[in-house]
Amino acid sequence: MYRFVSKTDFRSHLQLKFCPWELPSILEKSAINYEPHLLAHYLYDLANAYHSYYTSSKFLVDDNNIRNAKLCLNKATQYALANGLALLGL
């Protein structure tokens, strides 16, 4: 049976330095302090970390939970990058 994987599981299994679910807190900090560059730096770091992860990781593994977690992380990263870039007008 499929079980949902928590954020902690994402970090421990995928070992990403920058994670897509940090976007809301970065947006809040950026907006409160009128510092849009924080969002730009976060998106750059997220894209860089994801690129390293993507080139060194296998996605189609035997463990369904790990495979699904990795595929969900792909989609979450896609959404974070797309929404963040749209907010910057790019």
Side-chain angles (χ1 to χ4, degrees):
M1 175 119 189
Y2 176 75
R3 70 175 177 86
F4 291 100
V5 178
S6 70
K7 292 177 186 178
T8 305
D9 289 338
F10 272 130
R11 282 195 188 271
S12 64
H13 288 297
L14 306 177
Q15 299 174 347
L16 281 180
K17 183 178 179 184
F18 295 92
C19 299
W21 50 83
E22 293 174 353
L23 180 62
S25 64
I26 298 295
L27 283 174
E28 181 179 13
K29 185 176 179 181
S30 180
I32 289 172
N33 297 322
Y34 298 102
E35 296 177 328
H37 69 279
L38 295 177
L39 176 58
H41 286 285
Y42 167 76
L43 294 173
Y44 176 80
D45 291 338
L46 176 62
N48 190 32
Y50 181 75
H51 173 72
S52 296
Y53 161 72
Y54 185 83
T55 58
S56 66
S57 183
K58 290 184 178 181
F59 293 95
L60 301 179
V61 295
D62 292 334
D63 185 338
N64 287 339
N65 290 327
I66 300 300
R67 182 188 66 235
N68 291 339
K70 289 181 176 190
L71 294 175
C72 286
L73 180 64
N74 286 345
K75 195 52 101 170
T77 303
Q78 174 192 357
Y79 288 142
L81 289 171
N83 290 331
L85 290 172
L87 287 169
L88 290 174
L90 301 174

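Not measured: the values here are computed from a predicted model.
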(request) To the nearest 0.5 angstrom, please state how far the OH atom of Tyr44 sits from the CG atom of Leu81. (result) 13.0 Å
(request) Consider only side-chain heavy atoms of I, L, V, M, F, W and Y, link residues closer than 4.5 Å, and tell whether Leu38 and Leu46 are in one cluster. (result) no
(request) Supply the atom-to-atom distance Lys29 NZ to Glu22 CD, rounded to the nearest 0.5 angstrom. (result) 11.0 Å
(message) Let me confirm one number: the NZ-SG distance from Lys75 to Cys72, rounded to the nearest 0.5 Å.
(response) 10.0 Å
(request) Might you work through the side chain to side chain contact (heavy atoms under 4.5 Å, CB included) test for Leu39 and Leu23, ending with a clear yes or no? (result) CA-CA 8 Å; Leu39 176 58; Leu23 180 62; 3.7 Å; yes
(request) Using modelled atom types only, decide if a donor and an acceptor are shared between the side chain of Ser30 and the backbone of Ile26 within a distance under 3.5 Å. (result) no
(message) Measuring only between side-chain heavy atoms, which start at C-beta, is Leu71 closer than 4.5 Å to Asn74?
(response) yes
(message) Is it the case that atom NE2 in His51 sees more than 12 heavy atoms from other parts of the structure closer than 6.0 Å?
(response) no
(request) Report, as yes or no, whether the 6.0 Å neighbourhood of atom CG on Leu90 holds more than 12 heavy atoms from other residues, nucleotides or ligands. (result) yes
(request) Mind listing the closest non-hydrogen atom pair of Lys58 and Lys70 along with its distance? (result) O-NZ, 2.9 Å
(message) Does the plane of the ring in Tyr50 sit parallel, tilted or perpendicular to the ring in Tyr53? Use 30° and 60° as the thresholds.
(response) tilted
(message) Please give me the minimum heavy-atom distance between Pro20 and Ala76, naming the atom from each residue.
(response) CB-O, 3.6 Å
(request) Under the side chain to side chain contact (heavy atoms under 4.5 Å, CB included) rule, what do Leu88 and Leu43 come out as? Steps first, then yes or no, please. (result) CA-CA 10 Å; Leu88 290 174; Leu43 294 173; 3.8 Å; yes
(request) In sequence, state the C-alpha distance, the side-chain angles, and the governing distance for Arg67 and Asn64, and then conclude on side chain to side chain contact (heavy atoms under 4.5 Å, CB included). (result) CA-CA 5 Å; Arg67 182 188 66 235; Asn64 287 339; 2.9 Å; yes
(request) Group every Ile, Leu, Val, Met, Phe, Trp and Tyr by side-chain heavy-atom contacts under 4.5 Å, then state whether Leu85 and Tyr42 land in the same group. (result) yes
